[in-house]
*Asks:* 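Sharing a structure, written as structure tokens. Questions coming.
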Amino acid sequence: AVVLPTFNAEFSDPENRPGFENIMKSLADVPVGHIISGLDGGTEEYLETLIGIVRDHGLEDKVTVHHNFGPGFEKLYAEIAELHPSIQTKGKGRNMFMSVAVAKALGATSAVFVDADIRTLDASYVTSLARGVAKGGGIQLDFCKAYYPRVTPDKANGRVQQNLVVPLVSALEDVAIMQAVSSPHDT
């Protein structure tokens, strides 16, 4: 499965929309059974917009959208919190946790996580990541993390440790993670 944690601004903000449309176009060419889009932030109107984008790209049979603030989710979070208290913390980690649960419920045996704000995504990028973790598909890694630059004219972005690893592990396990994300030489 491809897991696409999605915040509403990634498709509703006119500046971000072309990049998100490119992601949908690229995912249409990825040979995967399920694409899971967990929607964080926003109202039912945002949910309908996202579903419309999925339909516009002919992905309605391939994409499952779950609205993390939709009806019934608070009760579900409360039940999960009995075993994993960190599920109550809103954010990308919880989105990824719930998306993995949806993927497993749909029968997925592996997952590739794709950020919903990558402006230059193409199908080969996702296929390359999937090749490493797919069951019976080659390398057989338990975890595969991509590298891609996020450079704007005024700065370089992208903090894997803070934005991916910590939220994901915290959502899956009730643990605190502390690790330096910069060296003493960074300014």
Side-chain angles (χ1 to χ4, degrees), residues 1-74 77 89-103 106 108 110-131 144-168 171:
V2 172
V3 174
L4 184 69
T6 309
F7 186 69
N8 68 66
E10 291 161 338
F11 61 85
S12 64
D13 183 326
E15 186 176 312
N16 298 334
R17 181 70 173 257
F20 191 79
E21 293 278 354
N22 181 62
I23 289 171
M24 289 291 118
K25 178 179 173 274
S26 296
L27 291 177
D29 296 330
V30 174
V32 65
H34 303 288
I35 300 168
I36 314 301
S37 179
L39 175 60
D40 269 347
T43 60
E44 291 294 317
E45 182 180 334
Y46 286 110
L47 177 62
E48 291 304 317
T49 299
L50 178 56
I51 291 169
I53 294 168
V54 167
R55 276 193 209 111
D56 290 348
H57 289 277
L59 292 168
E60 58 271 13
D61 293 335
K62 208 173 183 182
V63 175
T64 299
V65 177
H66 64 90
H67 188 202
N68 289 319
F69 300 129
F73 269 78
E74 287 307 316
Y77 294 139
T89 304
K90 295 177 182 177
K92 189 177 248 187
R94 180 168 83 172
N95 188 328
M96 295 168 77
F97 180 91
M98 296 305 289
S99 295
V100 167
V102 170
L106 292 171
S110 59
V112 173
F113 296 91
V114 175
D115 285 330
D117 62 352
I118 301 171
R119 295 177 183 217
T120 58
L121 185 78
D122 65 49
S124 66
Y125 170 87
V126 179
T127 302
S128 294
L129 282 172
R131 194 172 293 122
C144 182
K145 169 66 182 100
Y147 167 79
Y148 45 89
R150 292 181 179 228
V151 180
T152 60
D154 57 334
K155 66 180 178 176
N157 298 303
R159 298 171 302 202
V160 173
Q161 178 74 20
Q162 185 175 2
N163 293 336
L164 174 69
V165 176
V166 172
L168 176 60

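The basis for the numbers below is simple: all heavy atoms, side chains too, and nothing from hydrogens, waters or symmetry mates.
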*Asks:* Taking NZ in Lys62 as the centre, count heavy atoms belonging to other residues, nucleotides or ligands within less than 6.0 Å. Is the count above 12?
*Replies:* yes
*Asks:* Kindly determine whether Leu106 and Ile36 satisfy side chain to side chain contact (heavy atoms under 4.5 Å, CB included), including the steps that lead there.
*Replies:* CA-CA 10 Å; Leu106 292 171; Ile36 314 301; 3.6 Å; yes
*Asks:* Under 4.5 Å between any side-chain heavy atoms of Lys92 and Asp40, yes or no?
*Replies:* no
*Asks:* Rounded to the nearest 0.5 Å, how far does NZ of Lys90 lie from CG of Asn95?
*Replies:* 13.0 Å
*Asks:* Should Val100 and Phe113 count as side-chain neighbours, where that means a heavy-atom distance under 4.5 Å?
*Replies:* yes
*Asks:* Could you tell me which non-hydrogen atom of His66 sits nearest to which non-hydrogen atom of Ser99, and how far apart they are?
*Replies:* NE2-OG, 2.9 Å
*Asks:* What heavy-atom pair brings Glu10 and Pro5 nearest, and what distance separates the two atoms?
*Replies:* OE1-O, 3.8 Å
*Asks:* Just verifying a value: how many Å separate Thr120 OG1 and Ile23 CD1, rounded to the nearest 0.5 Å?
*Replies:* 9.0 Å
*Asks:* Looking only at non-hydrogen atoms, find the nearest pair between Ala123 and Ser26 and report the distance.
*Replies:* CB-O, 3.5 Å
*Asks:* Mind listing the side-chain donor-acceptor pairs of residues 14-22 below 3.5 Å, one per line with the distance, residues two or more places apart or on another chain?
*Replies:*
unit_1	atom_1	unit_2	atom_2	d
Asn16	OD1	Arg119	NH2	3.0
Asn16	ND2	Ala9	O	3.0
Arg17	NE	Glu21	OE2	2.8
Arg17	NH1	Phe11	O	3.4
Arg17	NH2	Glu21	OE2	3.3
Glu21	OE1	His57	NE2	2.5
Asn22	ND2	Leu121	O	2.7

*Asks:* Rounded to the nearest 0.5 Å, what separates atom OG1 in Thr43 from atom CD in Glu48?
*Replies:* 9.5 Å
*Asks:* Hey, are the side chains of Leu50 and Ser37 touching, using non-hydrogen atoms and a 4.5 Å cut-off?
*Replies:* yes
*Asks:* To the nearest 0.5 Å, how far apart are CG in Asp117 and CZ in Phe7?
*Replies:* 11.5 Å
*Asks:* Any chance you could measure Leu39, atom CG, to Thr6, atom OG1, to the nearest 0.5 Å?
*Replies:* 7.0 Å
*Asks:* Could you tell me if the side chain of Tyr77 sits less than 4.5 Å from the side chain of Asn68, heavy atoms only?
*Replies:* yes
*Asks:* Measure from the ring center of Phe73 to the ring center of Phe69 and say whether it is less than 6.0 Å.
*Replies:* no
*Asks:* Can you find a heavy atom in the side chain of Leu4 that is under 4.5 Å from one in the side chain of Val63?
*Replies:* no
*Asks:* Measuring from Asp61:CG to His34:NE2, what's the distance to the nearest 0.5 Å?
*Replies:* 11.5 Å
